Amino acid sequence: MDIKLSTRAIAIRPSPTLAVTARAAALKDSGRDIIGLGAGEPDFDTPDHIKTAAIQAINDGFTKYTAVDGIASLKQAIVEKFNRENRLSYAKSQVLVSCGCKHSFFNMAQALLNPGDEAIIPAPYWASFPDMVRLAGAEPVIIKTGLEQKFKISPQQLRTAITARTKLLVLNSPSNPTGAHYSTEELASLGEVLRGHPHVLIASDDMYEHILWSGESFCNILNVCPDLYERTVVLNGVSKSYAMTGWRIGYAAGPEKLIQAMSNIQSQSTSNPTSIAQIAARMALEGDQSLVAERCQVFKERHDFVHEQLNKMDGVTSIPSQGTFYIFPNMHGVIARLDNVHNDIEFAEYLLENAGIAMVPGSAFGAPGHMRVSFAASMKTLQKAMDRLQSALAA
Ligand code: GLU
């Protein structure tokens with residue numbers, strides 16, 4: 001039977017970040033020597049005290065359905081985390097726990113967007129934002145930025161992009177894939193533009209807040225523009241800060257009406273996030289935080305090494321990331337030089353075949369000609385990867 005898929009299924013592509021990771025894993029399984037610099041997840045293990053809490057939850061029989069929006073004690077831990085770390089105040093009724101931050105964003109898009117609505121997404125963007133907007137029937141409106149503006153949008157660009165149909169602006173700082181972090185001044189000037197357009201909501205994806213080494217402390221737009229509180233949703237999760245990607249716990253906080261609608265959507269799809277993972281997430285937020293800063297320091301050392309190596313390579317230009325575990329070099333010079341390589345997608349293929357390195361091409365993030373290099377790998381692996389890259393480019 002020729003199955004006719006829905007328009008929405010046809011409108012999207014599989015997550016390219018997950019696809020590269022899966023491809024690298026399959027090649028490794030088949031015996032190829034592949035270095036994976038594609039994965040967007042910490043290479044560290046989940047800390048022991050978090051694992052122990054989850055094991056205890058299983059032994060205690062905490063294995064049944066929970067409240068759809070998350071257990072009260074985890075929501076309380078999230079409320080306290082916002083207070084303590086972000087100086088943001090929420091009631092538990094303004095918080096929804098979901099199966100990863102991606103799911104939080106998905107629920108938000110479903111609860112907010114209608115066909116005909118526009119969602120402004122600065123590029124380079126995290127690969128899944130536009131498709132989640134499309135799945136809600138709305139239209140992603142991309143603002144392009146490059147190395148020369150440190151991958152950050154200007155107030156003027158934002159002003160030009162906003163129309164009467166704009167429903168949402170997506171901010172992700174520190175950014176996946178560029179590692180760019182908006183300063184308080186930059187957020188204040190974007191906030192100034194947003195004040196003139198009260199019909200626009202803001203989604204602030206703060207997933208990488210703890211992996212930041214620029215010297216500035218992390219800033220959310222609400223810290224500088226508290227008057228935007230009624231129209232801002234803050235999204236976060238435990239995946240990156242606590243190396244808990246597989247546990248799938250993310251959360252959103254914002255206006256109660258919207259959070260309630262997101263919860264209703266979740267109640268008709270996944271129901272609650274995994275009970276055991278919720279206990280683990282509570283321990284992550286309430287337990288010892290010292291590992292978070294230690295791991296950030298490790299990421300910084302790896303970043304400095306990779307950044308230095310990349311810039312030594314002919315045809316590669318990279319600016320330092322301010323945080324995350326990604327760097328996003330411009331590879332136009334290399335692509336122009338290589339025979340049979342015409343774009344970043346072919347270049348990713350070339351690297352996989354000729355150097356055994358997996359990276360996600362910049363096109364996946366709305367920035368052709370770039371590559372996302374994930375340095376969530378040991379220093380030894382990164383040294384080997386940079387040596388291979390250097391030789392592949394010299395060949
Ligand atoms: N956020 C990670 C990445 O960008 C995980 C994979 C995904 O869901 O995209 O690689």
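Count residues from 1 along the sequence. Source: prediction; values computed, not measured. Computed over heavy atoms, backbone and side chain alike; hydrogens, waters and symmetry mates excluded. We count ligands from 1, going down the list as the structure has it; atoms in each ligand are counted the same way.
- Annotation: N176 places an N or O atom under 3.5 Å from an N or O atom of ligand 1; distance criterion only.
- Of the protein's heavy atoms, T17 OG1, 3.3 Å lies nearest to atom 7 (C) of ligand 1.
- Taking the six-membered ring for Trp and the full ring otherwise, F299 and F44 have centroids separated by under 6.0 Å.
- Within ligand 1, counting atoms from 1 as listed, the ones closer than 4.0 Å to a heavy atom of K240 are 1 (N), 2 (C), 5 (C).
- Ligand 1 is approached by Y326 to a heavy-atom distance shorter than 4.0 Å.
- Applying the side-chain hydrogen bond (donor to acceptor under 3.5 Å, both in side chains) rule to pairs touching residues 130-147 yields R13-D131, D131-R134, E139-R165, sequence neighbours excluded.
- Ring pair Y90/F82: centre-to-centre distance below 6.0 Å.
- Take W126 and apply the side chain to side chain donor-acceptor pair (under 3.5 Å) test, not counting sequence neighbours, and it matches no residue.
- Interface atoms of ligand 1 facing G40, defined by a heavy-atom separation under 4.0 Å, are 2 (C), 3 (C), 5 (C), 10 (O).
- Taking distance alone, with nitrogen or oxygen atoms compared against 3.5 Å, L18 stays at or beyond that limit from ligand 1.
- Between the side chain of D344 and the backbone N or O of G369, at least one donor-acceptor pair lies under 3.5 Å.
- Distances shorter than 4.0 angstrom occur between a heavy atom of K102 and an atom of ligand 1.
- Using a 4.0 angstrom heavy-atom cutoff, M207 does not count as in contact with ligand 1.
- Taking a cut-off of under 4.0 Å to the non-hydrogen atoms of R372, the atoms of ligand 1 that pass are 3 (C), 4 (O), 10 (O).
- Checked against the 6.0 Å centroid threshold, Y326 and Y208 count as a close aromatic pair.
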